[in-house]
Amino acid sequence: TATTTSEGLYSSSPSLQVYDACVWDFNSPFLWRILSQDIHDLYRDCVGSSTNHCEIAVGTGLFLERVLLETKKQKQQQL
């Protein structure tokens, strides 16, 4: 199972939150010189309202999740 292998570390919520904080609150603005809002905007522009998106990369899916939630809220408001 995931908890008895090395992947268990990366599938627990606290670990992912620490990862996102390190990457997007420190590395992103200070090392890579890009704000997380800029990445979010890119995701929103590229993914849009599509639910047909394949994400192949290392990471937590933070921006994809945020964009899809944002799109879902917009659709609910239109109803």
Side-chain angles (χ1 to χ4, degrees):
T1 64
T3 56
T4 60
T5 65
S6 59
E7 69 189 61
L9 174 66
Y10 300 103
S11 62
S12 67
S13 182
S15 296
L16 297 178
Q17 291 172 353
V18 169
Y19 174 86
D20 281 337
C22 289
V23 170
W24 299 113
D25 295 339
F26 178 76
N27 288 2
S28 175
F30 297 110
L31 300 178
W32 304 330
R33 307 266 190 241
I34 187 167
L35 300 176
S36 61
Q37 184 60 46
D38 296 335
I39 300 291
H40 177 80
D41 293 343
L42 285 170
Y43 265 82
R44 188 181 59 242
D45 293 344
C46 293
V47 174
S49 61
S50 173
T51 56
N52 298 324
H53 178 81
C54 180
E55 187 82 11
I56 302 175
V58 175
T60 63
L62 175 71
F63 294 102
L64 183 58
E65 181 181 1
R66 286 181 179 174
V67 167
L68 293 176
L69 286 173
E70 192 177 89
T71 302
K72 184 178 178 181
K73 287 180 185 177
Q74 289 173 350
K75 286 182 180 179
Q76 288 174 345
Q77 289 175 350
Q78 292 173 350
L79 295 176

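One-based numbering along the sequence shown.
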Partners meeting side chain to side chain contact (heavy atoms under 4.5 Å, CB included) with Ile34 (sequence neighbours left out): Ser28, Trp32, Asp38, Ile39
Test item: His40 and Glu70 side chains (from C-beta on) under 4.5 Å apart, heavy atoms: yes
OG on Ser15 to CG on Asp20, rounded to 0.5 Å: 11.0 Å
Partners meeting ring pair (Phe, Tyr, Trp, His ring centres under 6.0 Å) with Phe63 (sequence neighbours left out): Trp24, Tyr43
CG on Leu62 to CD on Gln17, rounded to 0.5 Å: 10.5 Å
Joint cluster assignment, Phe26 & Tyr19, ILVMFWY side-chain distance < 4.5 Å: yes
Gap separating the CG atom of Asp45 from the CG atom of Asp41, nearest 0.5 angstrom: 6.5 Å
